[in-house]
Amino acid sequence: MPELPEVETIARHLKAQLVGQYIGQVEVRWPRCIATPTATQFAHEFVGREILDVGRRGKFVIVSLSESKFLLVHLRMTGRLILEDASHPGTSEEITLDPHTHVIFYFVSGKALCFRDTRKFGRLYLVNEPAEIVGDLGPEPLSDDLTPQALYELLRGHRKRLKPLLADQRLLAGLGNIYIDEALWEARIHPLRHAHTLSVEEAARLHTAIRTVLSRAIKNLGTTLRDYRTPLGELGEHQEALAVYGRQGEPCPRCGEPIRREVVGGRGTWYCPSCQRRNES
DNA sequence: AAGAGACCCTGGATGC
DNA sequence: TGCATCCAGGGTCTCT
């Protein structure tokens, strides 16, 4: 489940490997993963274009192409972007055999970029402006614009419980199930607290926690629980550093109390019942 | 506005 | 061992 740190890692790797590369052709094997335009049109549009830049917005990878087009990729649960060597036809198992490789970008250099996705939730978009897709995303959690005060103001305007609210990409862009639980634990705030009840001090703690947790995870190249890989096939390392996510019954690293799991808004939620008290101050 | 539930998918885990 | 069923989960949608 790639979230901000995983997508950031992927974008950085792709940027280092792909800027300046020219696309020879594109093969779409599973058309339904192309959100826009049609799969045929999508494949057509890439031929001859150069990769100018690769970046990230929220959980989207954004690839800037020559002649003003943008490829946006959302990996959802199990999506991967994997670099392969396709210079010798038939040598890459990923390309020839893998049943989960749905789109392949062949570069004239002999490199190839494969979009792979077992659960088929991921989507690719080819647009004239990224804003067509990412226009209504909230601020980037790591940007200077998101001050503690700004986060306090954002939260004050909502009565929802924190867990589902922080997962709403229109509030903040890039947080998902793992890092929300980790950040709330770090900030010692209960996931079911109602957003508008947070004090200035608590919002500031959450602000610090979100940024600390995300930065640390980026340093560790992301969290690999099962599917996530960097474009070079490497595993992330942050799973070792998780405090609560997926750890029900294990002792809280801060106080030793067993970690509890609850389903909130249909999503598994892990927290420490002792460090993260529910009473609203 | 908030919350619940369905849906999209498949592989791994669980149950008999 | 073998088969059926359950489950996870980001985002989007519908219904209450």
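These numbers come from the heavy atoms of this one structure, side chains and all, not from hydrogens, waters or symmetry mates.
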*Could you go step by step and tell me if A/F107 and A/Y22 meet the ring pair (Phe, Tyr, Trp, His ring centres under 6.0 Å) rule?*
CA-CA 6 Å; A/F107 296 94; A/Y22 286 84; 9.6 Å; no
*Can you label the angle between the A/Y179 ring and the A/H238 ring as parallel, tilted or perpendicular, going by 30° and 60°?*
tilted
*Evaluate the ring planes of A/H102 and A/W30, with Trp represented by its six-membered ring, and classify them as parallel (under 30°), tilted (30 to 60°) or perpendicular (over 60°).*
tilted
Look at the side-chain N and O atoms of [X] and state whether any lies under 4.0 Å from the OP1 or OP2 oxygen of [N].
| X | N | result |
| --- | --- | --- |
| A/R261 | C/dA8 | yes |
| A/H194 | B/dA2 | no |
| A/H74 | C/dG11 | yes |
| A/Y245 | C/dA8 | no |

Checking all strands, does [X] fall into the base, sugar-phosphate, or nothing category for heavy-atom contacts under 4.0 angstrom?
| X | result |
| --- | --- |
| A/R76 | base |
| A/G266 | nothing |
| A/E3 | nothing |

*asked:* Surrounding NZ of A/K15 (heavy atoms of other residues, nucleotides or ligands, distance under 6.0 Å), is the total greater than 12?
replied: no
_Heavy atoms of other groups near A/R260 CZ, more than 12 under 6.0 Å_ = no
Could you state the [atom1]-[atom2] distance from [X] to [N], rounded to the nearest angstrom?
| X | N | atom1 | atom2 | answer |
| --- | --- | --- | --- | --- |
| A/K160 | B/dG3 | NZ | P | 7 Å |
| A/K163 | B/dA4 | NZ | C1' | 16 Å |
| A/L192 | B/dG3 | CG | P | 9 Å |
| A/R170 | C/dC13 | CZ | C1' | 12 Å |
| A/Y228 | B/dG11 | OH | P | 22 Å |
| A/L162 | B/dA2 | CG | C1' | 14 Å |
| A/M77 | B/dG12 | CE | P | 14 Å |
| A/D168 | B/dA4 | CG | C1' | 16 Å |

*Taking side chain as C-beta onward, heavy atoms only, is A/V108 less than 4.5 Å from A/I23?*
no
*For DNA chain B, find the residues of residues 118-135 of chain A with a heavy-atom distance under 4.0 Å and give them by number; none if there aren't any.*
A/T118, A/R119, A/K120, A/F121
*asked:* Strictly distance-based, threshold 3.5 Å: is any side-chain N or O of A/H194 a donor or acceptor partner for the main-chain N or O of A/H196?
replied: no
*Side chain of A/H158 only, please: which of B/dA2, C/dG11, C/dG9 is the nearest?*
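Nearest to the side-chain atoms of A/H158, counting from C-beta on, is B/dA2.
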